[in-house]
Chemist: 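Would you mind keeping the following structure in view while I ask a few things?
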Amino acid sequence: MECEESLERMMRALDDELPDGEWLALEAHLEACDRCRARWEGLLAAEEVLREMPILSPPPGFVGRVMARVDRCRARQHAFFGGLALAAGTALVILIGILPILWTLPGWASLAVVVSHSGGLLLDHLVGAARLLLNSLGLLAGALLVQTLPLALCTLMTAMLLAGLWWGLLRRWQTVAT
Amino acid sequence: MMDEATWIQQAQHGDMDAFARLVSLYQAPVYNLAYWMLGERMEAEDAAQETFLRAFRHLGRYDHTRPFRTWLLSIAAHYCVDCIRRRRPVLALDDELTSEGASIDPGDAFAAWEARERIQRLLLRLPAEDRAVVTLRYWYDCSYEEMAQILGTTVSAVKSRLHRARLALARMLGEVGSTEWEVGSRK
């Protein structure tokens, strides 16, 4: 038996996976080869040390500390989604408030005409409808920019302010709680 | 009496008591893996806490066909390997590997402490992945297949790592001269 093969058999022997026949052949090789015998003795010594690995107890209060971290993680998740919902809700309410103003803008009327006419004749007049659609969207965008930009900015800032206040309050509550 | 599968399902539906039971059930295996891999109690506790926190965050993705222990130890092993890789440059400055990292617990018996220190000093000289394989094999009695699942590698890679680690540990124990251990050097 070659030394390489004997090493492979030693590893299988340590795993209790070496058949008796192969074990006998390994034993015979170990008798004859000083280097492999020294190796085997070393492996057995390492095996003995590794089998001694003691079981350590986690520090007292470990579960409580883990659950406290989990609770903080959940609170952060709730705070994030709460802030998001608050910002979205605020933006929606303000947009509903300004919808009547938007409806009076010139772009809306032509957009509605394009949509109603192109519904049945979409294939025949696709190109024309698309051009009209783009034109009306351009008109609408221009009107929106001129007339509602301040309102949109105001909406955004209000939503951000409220979300910031929400975050601040939550952080304060969490600090007090911990 | 409720079992582990029920606790997992309840925890997935947001039941914190069920998750706390899972933490309580697996705290020792996760903590021990972290300790034997990282070699320092404070760092081991932090890694074990982080493991449970990550498990909680990704509980929705847990595959029920896989053993929960394997899934949890996989999170812990990968986290510890990352920790070891991050701190490697610092450790390289202190190659003597003194026992300063492990504080002596007055409550432990001296013999147990000595055995732990001895093993830990040996383990700390192995590469991170080899350390994980040795811990999973000798502490958890994992099969090669389970170790491969936990470490996200193949059975042959795990075998190769374990063989390499055994040889390295045997060499460290100084039973024979290091020249005897050169694998593949002979004709």
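Just so it is clear, the structure is predicted and the values come from calculations on it, not from any experiment. Chain identifiers are assigned alphabetically (A, B, ...) following the order of the sequence lines, protein sequences preceding nucleic acid strands; residue numbering begins at 1 within each chain.
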Chemist: Evaluate the side-chain proximity of A:W166 to A:L84: yes if any heavy-atom separation is below 4.5 Å, no if none is.
Modeler: no

Chemist: Name, in order of residue number, those residues of residues 48-55 of chain B that have a heavy atom at a distance of less than 4.5 Å from a heavy atom in chain A; otherwise write 'none'.
Modeler: B:A48, B:Q49, B:E50, B:F52, B:L53

Chemist: Would you mind checking which part of B:D17 comes under 4.5 Å of any heavy atom in chain A, side chain (CB onward), backbone (N, CA, C, O), both or neither?
Modeler: neither

Chemist: Other residues, nucleotides and ligands only: do more than 12 of their heavy atoms fall within 6.0 Å of CG on B:D63?
Modeler: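 Check passes, neighbour count above 12.
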
Chemist: Taking the six-membered ring of B:Y31 (Phe, Tyr or Trp), confirm whether the NZ or CZ of B:R41 is under 6.0 Å from its centre and within 45° of its axis.
Modeler: no

Chemist: So which residue, A:M11, A:M67, A:R51, A:R65, ends up with the most heavy-atom pairs under 4.5 Å with chain B?
Modeler: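 It is A:M11.
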
Chemist: I need the minimum non-hydrogen distance between A:R12 and A:P19, along with the two atoms involved.
Modeler: NH1-CD, 4.0 Å

Chemist: Hey, does A:E47 have a side-chain heavy atom less than 4.5 Å from the side chain of A:L43?
Modeler: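 No, their side chains stay 4.5 Å or more apart.
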
Chemist: Are B:W36 and B:R131 side-chain neighbours, meaning at least one heavy-atom pair lies under 4.5 Å?
Modeler: no

Chemist: Which atoms of A:L14 are under 4.5 Å from chain B, going by heavy atoms: the side chain, the backbone, both sets, or neither?
Modeler: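 Answer is both: backbone and side chain atoms of A:L14 are under 4.5 Å from chain B.
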
Chemist: Output yes when B:R21 and B:D15 qualify as a salt bridge under the 4.0 Å nitrogen-oxygen rule, no when they do not.
Modeler: no

